[in-house]
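Remarks on the structure that follows.
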Protein chains: 2
Amino acid sequence: MADDDLVFKALADPSRRFLLDLLHARDGRTLTELESELEMTRFGVAKHLKVLEEAGLVVTRRSGREKLHFLNPVPIRQIHDRWIDKYTERHVTALLDLKNALEEEP
Amino acid sequence: MADDDLVFKALADPSRRFLLDLLHARDGRTLTELESELEMTRFGVAKHLKVLEEAGLVVTRRSGREKLHFLNPVPIRQIHDRWIDKYTERHVTALLDLKNALEEEP
DNA sequence: TTGACATGTGACCTATTGGTCTCATAACTT
DNA sequence: AAGTTATGAGACCAATAGGTCACATGTCAA
């Protein structure tokens, strides 16, 4: 399977995106710790983490019997750069900054 | 289905990503024109375009019997912002700029 | 070394998805 | 009006993906 296909397939599942949210909030967690945040068996979570790791969205490091998981932002940025050039980026960020500002002020 | 789920599901298919590539290169194309670029029947392409449109990745405008398709970069940028904060962005862009520079110079 | 803890593998079932086809509507051209 | 062009809706089938389970390996602590 092509590299980018692995990334997009990995992002296509809501549980996996939630795992990325968890790791974005705090890195270096174990499978068991992440498992407690999802309503799913350990096996399901392990499968999802494996998909994320094979896509390069999550990087791991072993520490004894534990496996620590870290978020890797590089593939996300590459998605961005595929369809948003520097010129367009200025417009889009300005638009979204305005949107966020308006949503914060009631 | 949740908004972000539609976007990620839409991006999960290589044919749909190729359609976005085509629209990124040149906007405002019709179904028939896009169809000629894929090795697939018109019905398949139409289905993919519908998925992209429902996800908000493609915006359309009718002109007589033709339907013109345009790329909308906003959802892409929102994916980016979900997992890459301003601080991380500086590091990642610097890293990727370096990578691209090295690949261009042999 | 014995038991508890943390993770890994592969089979299995069900639900979803990609792609094609038949049928149908609407608009331009002459 | 008639023929052609551009698109739309829904049935259908094969392939894929999400989730659980039984079973297994490696690691820590007493």
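Being a predicted model, the structure only gives us computed values, none of them experimental.
- Taking only side-chain nitrogens and oxygens, Ser15(A) never comes nearer than 4.0 Å to OP1 or OP2 of dG18(D).
- Neither OP1 nor OP2 of dA17(D) sits under 4.0 Å from any side-chain N or O of His48(A).
- The residue among Thr30(B) and Val45(A) whose nearest nucleotide of DNA chain D lies closer to the 5′ end is Thr30(B).
- For dG18(C), the OP1/OP2 oxygens have a side-chain nitrogen or oxygen of Arg16(B) closer than 4.0 Å.
- Distances shown here put every side-chain N or O of Thr41(B) at or beyond 4.0 Å from the OP1 or OP2 atom of dG19(C).
- Side-chain contact check for Glu53(B) and Thr60(B): at least one donor-acceptor pair (N or O, by modelled atom type) lies under 3.5 Å.
- The Asp13(B) side chain lies nearest to dG18(C) when the options are dG18(C), dT7(C), dG18(D).
- As a whole-Å value, the separation of Lys50(A) NZ from dG19(D) P is 16 Å.
- Listed candidates were dG19(D), dA6(D), dT27(D). Nearest to the side chain of Arg65(A) is dT27(D).
- Here the C1' atom of nucleotide dC13(D) and the CZ atom of Phe43(B) are 17 Å apart, to the nearest Å.
- We find that Arg77(A) and Glu89(A) are joined by a salt bridge, their nearest charged nitrogen and carboxylate oxygen being less than 4.0 Å apart.
- Whole-Å rounding puts the Arg42(B) CZ to dA9(D) P distance at 12 Å.
- Whole-Å rounding puts the Glu35(A) CD to dG8(C) P distance at 12 Å.
- Residue Gly44(A) is classed as a base contact, given a heavy-atom separation below 4.0 Å to a base.
- Glu66(B) has its CD atom 7 Å from the P atom of dA6(D), to the nearest Å.
- Atom C1' of nucleotide dT25(D) and atom CZ of Arg62(A) are separated by 10 Å, given to the nearest angstrom.
- Side-chain atoms of Lys47(B) lie closest to dA11(D) of the nucleotides dC21(D), dA11(D), dT17(C).
- With salt bridges taken as basic N to acidic carboxylate O contacts below 4.0 Å, one links Glu33(B) and Arg26(B).
- At a threshold of 4.0 Å, the pair Lys99(B)-Glu103(B) counts as salt-bridged, since one of the basic side-chain nitrogens sits closer than that to a carboxylate oxygen.
- A close approach under 4.0 Å does not occur between any side-chain nitrogen or oxygen of Arg29(B) and OP1 or OP2 of dA6(D).
- Going from atom CG of Leu19(B) over to atom P of dG18(C) covers 12 Å, rounded to whole Å.
- Rounded to an integer number of Å, the gap from NZ of Lys9(B) to C1' of dT16(D) is 13 Å.
- Salt bridge annotation for Arg29(B)-Glu35(B): absent, with no cationic side-chain nitrogen under 4.0 angstrom from a carboxylate oxygen.
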